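First up is the structure itself, then whatever we jot down about it.
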Amino acid sequence: MRAVDFIAKVLGGAMLLASLLAVCAWWVATPDAIDPAPSRVGELDGVVLVEPGVSRREAQRLVLDGGRVGAVRPARSATSEFSGLFLLPGLADTHLHMPMMFSLPGDQEYTALLLLAHGVTSARLLGGTSAAEVASLRARIDRGEIPGPRISTCGLIIDGQDPVIPGQASVANAQQARELVDRLADEGVDCIKAYDKLSLESVVALREAAHARGLPAVGHTPQDVALEDARLDDTQHLRGVHPPFLDEGRVYPEYLRPWLRMDEARLQHVIEVSREHGMAYTPTLVAVESMPRARDWATWSASATMQAWPSHLREAIFSGEIGLNPGRFMSDEQAEMLRKAFATMQRTTRALHDAGVRLHTGTDANAPNVVPGFSLHRELSLWVDAGIPAEATLAAATLRSPETLGRVDPDRSAFDPGQPADFALFAEDPTRDIAALSSLVAVVADGRLYRRAELDARLARHAAHYESASYRAFVVAPLRLLAGGVTLAMQLRADDRDE
């Protein structure tokens with residue numbers, strides 16, 4: 001046999017084996033069928049209706065009409081299943097993502113379930129997933145095929161030339177920005193997301209085109225544009241609130257360094273601009289606070305929060321040992337800078353609240369180290385730690401944030417007839433102590449009642465899938481090799497640039 005023929009046969013055999021392994025991995029990665037959502041419930045008797053910062057009504061019976069509120073009446077019994085429980089409007093996470101890197105079958109459904117299991121009944125996806133894909137997921141939730149919250153989406157992220165995130169939309173000028181906004185609006189998005197590298201003319205055109213289509217412009221204040229010029233309706237991560245860049249780097253974590261120069265004059269300027277233009281902010285403090293934890297990966301990865309994440313994200317893609325986790329690339333000086341920046345961001349969040357600037361509750365979930373559901377509870381705790389009262393924090397999470405997503409009528413009580421039947425029931429009152437979020441007893445989403453035991457059982461089935469020996473062998477192990485190779489290549493490229 002000629003050498004070339006032998007090599008061809010070896011390569012052919014290797015390709016066949018690789019194909020078989022890929023098919024096997026995809027089969028192993030596909031979870032069992034998910035149980036449909038439960039039927040809608042007719043009423044919740046004996047509850048304490050709590051509308052944070054607005055009203056509190058003891059011993060009430062909430063009557064539901066399908067996926068909407070029907071009426072509120074006095075309780076019929078003092079010994080019903082729900083007697084004495086505190087019923088609040090459901091929580092909202094106004095900034096999260098579906099897994100964008102190596103998303104596998106079941107990942108979107110698991111994200112939706114994690115949110116629901118933490119009382120999140122409204123969620124806004126801020127980029128990375130197409131409008132068509134989100135529409136499919138939303139339709140399955142709406143039909144009761146799978147459990148999940150009500151979902152809004154911005155569709156693809158809009159960036160400038162050479163976009164930060166590969167695969168997202170890119171525009172070079174104002175005309176392209178307007179055309180892209182119109183295309184996304186036609187696809188049915190609920191918002192338009194701006195990103196780091198947009199020019200001034202492009203972000204202004206994006207904002208104006210979004211408003212012309214009745215959509216909010218949200219996202220990052222572009223790095224070369226002033227906050228007062230971009231004037232996004234809802235600025236994420238407080239980007240641009242800090243003083244303008246000087247000679248700081250524009251990549252993580254260096255883009256947080258301007259926070260070290262934040263002073264009272266800058267803060268008052270931001271407050272004035274925000275009031276003048278009705279600008280709101282989604283701080284996502286948890287996304288910054290969680291990053292240094294990855295430096296002690298053994299401890300952080302073993303936490304209950306991280307253990308709830310799918311094993312391929314925790315142990316491969318975003319692993320603090322071999323994956324694309326920013327924490328593992330930080331120097332000691334950068335980690336200390338990040339902690340100082342975070343403390344300033346936390347104080348700024350409190351100052352914005354005290355000044356009456358509108359704040360929304362978002363997390364950046366499914367970014368590295370930010371686990372859906374868990375992260376929102378932590379975000380709310382960080383607000384309280386900053387000095388924002390628990391009741392005001394929950395007013396933002398249960399009233400203001402769902403309002404900005406168009407989920408409730410802001411001019412009426414969340415318990416008025418016709419409002420969405422989206423609620424969270426707690427054994428203890430979280431408006432008195434934010435730690436009571438952990439006392440969640442049940443969730444009502446679109447009128448469907450999920451008891452704690454049922455939610456835990458659903459989560460356990462997903463965990464068994466992600467933690468199985470076959471999943472680890474055919475999915476996690478290959479992805480660890482891939483993640484390690486990618487990060488090594490990135491490091492070598494960075495070393496070449498340094499030289």
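Since the model is a prediction, treat every value here as computed from it, not as a measurement.
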Where [X] and [Y] come nearest, the two heavy atoms and their spacing:
| X | Y | answer |
| --- | --- | --- |
| Asp190 | Pro216 | O-CD, 3.4 Å |
| His353 | Ala392 | NE2-CB, 3.6 Å |
| Thr398 | Pro89 | CG2-O, 3.2 Å |
| Gly127 | Ile157 | CA-CG1, 3.6 Å |

Arg378 and Ser375 side chains, donor-acceptor separation under 3.5 Å: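 Per modelled atom types, Ser375 and Arg378 side chains form no pair under 3.5 Å.
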
Between Thr284 and His237, does any side-chain donor sit less than 3.5 Å from a side-chain acceptor?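 Thr284 vs His237: donor-acceptor pair found between side chains.
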
Start with the C-alpha gap between Leu200 and Asp224, add the side-chain angles, then the distance that decides, and say whether side-chain contact (heavy atoms from CB on, under 4.5 Å) holds. CA-CA 8 Å; Leu200 172 59; Asp224 291 328; over 6 Å; no

Indicate the ring-plane relationship of Phe415 and Phe423, choosing parallel, tilted or perpendicular according to the 30° and 60° boundaries.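 Phe415 and Phe423: parallel rings.
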
Hey, are the side chains of [X] and [Y] touching, using non-hydrogen atoms and a 4.5 Å cut-off?
| X | Y | answer |
| --- | --- | --- |
| Ile158 | Ile192 | yes |
| Arg458 | Pro147 | yes |
| Glu254 | Gln334 | yes |
| Leu285 | Phe342 | yes |
| His377 | Leu91 | yes |
| Leu394 | Trp383 | no |
| His242 | Leu238 | no |
| Met291 | Met330 | yes |

Run the numbers on Leu227 and Met279 for side-chain contact (heavy atoms from CB on, under 4.5 Å), then give the verdict. CA-CA 10 Å; Leu227 179 79; Met279 297 163 61; 3.8 Å; yes

When you measure from the side chain of [X] to the backbone of [Y], do you find a donor-acceptor pair of N or O atoms at a distance under 3.5 Å?
| X | Y | answer |
| --- | --- | --- |
| Arg358 | Gly278 | no |
| Ser401 | Thr361 | yes |
| Asp422 | Asp446 | yes |
| Arg480 | Ile322 | no |
| Arg231 | Val204 | no |
| Asn325 | Phe318 | yes |
| Arg448 | Pro38 | yes |
| Gln176 | Ala172 | yes |
| Thr348 | Thr344 | yes |
| Gln419 | Asp409 | yes |

For residues 112-126, which residue pairs pass the side chain to side chain donor-acceptor pair (under 3.5 Å) check, not counting sequence neighbours?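 Sorted result for residues 112-126: Arg124-Asp234.
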
By the side chain to side chain donor-acceptor pair (under 3.5 Å) test, which pairs, at least two apart or in different chains, include something from residues 201-210?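 Residue pairs with at least one partner in residues 201-210: Ser199-Ser202.
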
For Glu109, which residues count as a side chain to side chain contact (heavy atoms under 4.5 Å, CB included) partner, sequence neighbours excluded?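 Glu109 satisfies side chain to side chain contact (heavy atoms under 4.5 Å, CB included) with Ile34, Arg140, Ile146 only.
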
Between [X] and [Y], does any side-chain N to carboxylate O distance fall below 4.0 Å?
| X | Y | value |
| --- | --- | --- |
| Glu187 | Arg183 | yes |
| Arg250 | Asp196 | no |
| Asp142 | Arg138 | no |

Nearest 0.5 Å, please: how far is CG in Leu126 from OG1 in Thr282?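 If I round to the nearest 0.5 Å, the distance is 7.5 Å.
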
Between Gln268 and Glu264, does the side-chain hydrogen bond (donor to acceptor under 3.5 Å, both in side chains) criterion hold? Intermediate values first, please. CA-CA 6 Å; Gln268 291 306 313; Glu264 185 64 23; 2.8 Å; yes

Give the C-alpha distance, both sets of side-chain angles, the deciding distance and a yes or no for salt bridge (Lys or Arg N to Asp or Glu O under 4.0 Å) between Arg400 and Glu403. CA-CA 5 Å; Arg400 303 291 86 77; Glu403 286 171 5; 3.0 Å; yes

Here's a test for you: under side chain to side chain contact (heavy atoms under 4.5 Å, CB included), which of Ile151, Leu376, Leu96 qualifies with Leu115?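 Filter result, single survivor: Leu96.
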
Only one of Val218, Thr363, Leu405 passes side chain to side chain contact (heavy atoms under 4.5 Å, CB included) with Thr94; say which it is.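 For Thr94, the side chain to side chain contact (heavy atoms under 4.5 Å, CB included) test succeeds with only one of Val218, Thr363, Leu405, which is Leu405.
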
Determine whether Arg275 and Glu272 satisfy the following criterion, side-chain contact (heavy atoms from CB on, under 4.5 Å), listing intermediate values before the conclusion. CA-CA 5 Å; Arg275 286 172 168 170; Glu272 291 171 8; 5.7 Å; no

Just do the salt bridge (Lys or Arg N to Asp or Glu O under 4.0 Å) check on Lys197 and Asp162 with the steps written out, would you? CA-CA 8 Å; Lys197 293 188 176 183; Asp162 188 23; 3.4 Å; yes

